[in-house]
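Counting starts at 1 for both ligands and their atoms, following the listed order. Hydrogens, waters and symmetry mates are skipped; everything else that's a heavy atom, side chains included, is used.
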Amino acid sequence: MTQIPKIDILSLNLKELEGELLKLDEPKYRAKQVYSWLVKGAWGEEMRNIPLALRKKLEEVFEFRLPKVKLKLVSKLDGTIKYLFELIDGECIEAVFMKYEHGNTLCISSQVGCRMGCKFCASTLAGRVRDLTPSEMLGQIITAQKDTGERISNVVMMGIGEPLDNYDNVIKFLRLVSSEDGLNIGLRHISVSSCGLVDKINDLANEGLPITLSISLHAYDNQVRSAIMPINNKYPIEALLKACQGYFEKTGRRISFEYTLIADKNDTQEGAIQLASLLKKYIKSTPHVNLIPLNEVKETRLSTSKNVNLFKNKLISLGINATVRRKLGSDINASCGQLRRQTKEENDS
Ligand code: SAH
């Protein structure tokens, strides 16, 4: 007898859950009750106002895919928490909880692994295993809130994976996470970071979602970018920046550019001059560049630039808004992809 696969309940929106409960002859109002438990991370007998008979039905028909905390590292320097989460099939992903004055931020993963192949990034070294479901993205926030007892008010999709390479699930996640019946995190408090899938940036511009889009640029010309980011062979820098300008025109939302400084690759003063003129040519709103000192990853043999401030000052002198990203959790290997790899290597050996 073939078993009917269970429905991933947390990937449903309230309307869809109402529909499923109607099929089980349950009244509509139950959906709201069940939903309010799910977003707290509660299931089964924890759902106290749900009658036993309904809880049993729910467990037969649905599965609740909440990631489990497999490992947790807390920074002694700033309280940053790095989580290694285990998913329903045993795969692992990472998330990072950071405290800022304006609230708590969670950096979440969108895929198990990544297939973009950026040369400096630990997440992509072993390729992509699979996409995360909307519930697995939501689940990272729910589990972190449950574990810390604190509310997360900001989300950045800068963990493992390329969000726009898992487009439909990410869009559904964005609608779910911002819904009033759900976690109710405002879209203006959510950043999506992409290595630059031009077609998907164009699609995203039409979704009517006022998120912040960050683009991992990391280079001032095609030669440098293609050498460190294979995606540039498909979507060259000019096409990418045109899409960014189009995104701004359509949504009114400014894009910020991530630029990881790698010694002897992209960190010269001449490079800063070229970057400034490139951005001025294509981006009509004042572009913001977020400089990231490279986190050295053992296998990549690339080193961090010592010229971070020189590069920043050059950009500013040329009228480009530039900041250096504050480094949190440096004692706990907080940049994404490194912990999952380390744990996998230990398990495999
Ligand atoms: N795939 C998405 C989101 C994940 S990476 C993207 O490319 O934007 C989040 C950010 O960290 C990106 O800007 C990425 O380029 C950067 N990053 C990856 N590895 C890094 C490393 N070793 N040091 C510093 N930044 C890194």
Under 4.0 Å from a heavy atom of [X]: which atoms of ligand 1 are those, numbered in the order shown and with their elements?
X      : result
Val297 : 22 (N)
Leu294 : 21 (C), 22 (N), 23 (N), 24 (C)
Gly159 : 4 (C)
Cys121 : 18 (C), 19 (N)

Examine the proximity of ligand 1 to [X] and report which part, side chain or backbone, both or neither, has a heavy atom under 4.0 Å away.
X      : value
Ile215 : neither
His218 : side chain
Glu258 : side chain
Ser123 : neither
Thr260 : side chain

Please step through salt bridge (charged side-chain N to carboxylate O under 4.0 Å, His left out) for the pair Lys70 and Glu86, ending with a clear verdict. CA-CA 6 Å; Lys70 178 156 173 149; Glu86 186 175 314; 3.5 Å; yes
Is there a heavy atom in Cys118 that sits closer than 4.0 Å to ligand 1? no
Is Gly196 close enough to touch ligand 1? Criterion: a residue heavy atom under 4.0 Å from a ligand atom. no
Looking at [X] and [Y], does any basic side-chain N land under 4.0 Å from a carboxylate oxygen?
X      : Y      : result
Arg175 : Glu207 : yes
Glu238 : Lys281 : no
Glu94  : Lys82  : yes
Arg301 : Glu296 : no
Lys23  : Glu20  : yes

Out of Gly161, Cys195, Cys107, who gets a non-hydrogen atom closest to atom 3 (C) of ligand 1? Gly161
Compare Met157, Met229, Met158, Glu296 and give the one whose heavy atom is closest to atom 9 (C) of ligand 1.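 Minimum heavy-atom distance to atom 9 (C) of ligand 1 goes to Met158.
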Nearest 0.5 Å, please: how far is CZ in Phe85 from NZ in Lys72? 9.5 Å
Taking distance alone, with no angle check, do Phe120 and ligand 1 share an N/O pair under 3.5 Å?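 It does: an N or O of Phe120 is found under 3.5 Å from an N or O of ligand 1.
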Residue among Leu176, Asn166, Leu10 satisfying side-chain contact (heavy atoms from CB on, under 4.5 Å) with Met137: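 Checked Leu176, Asn166, Leu10 against Met137; only one passes side-chain contact (heavy atoms from CB on, under 4.5 Å): Asn166.
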Cation over ring, Lys200 on Tyr167, under 6.0 Å and within 45°?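 Output yes; distance and angle both within limits.
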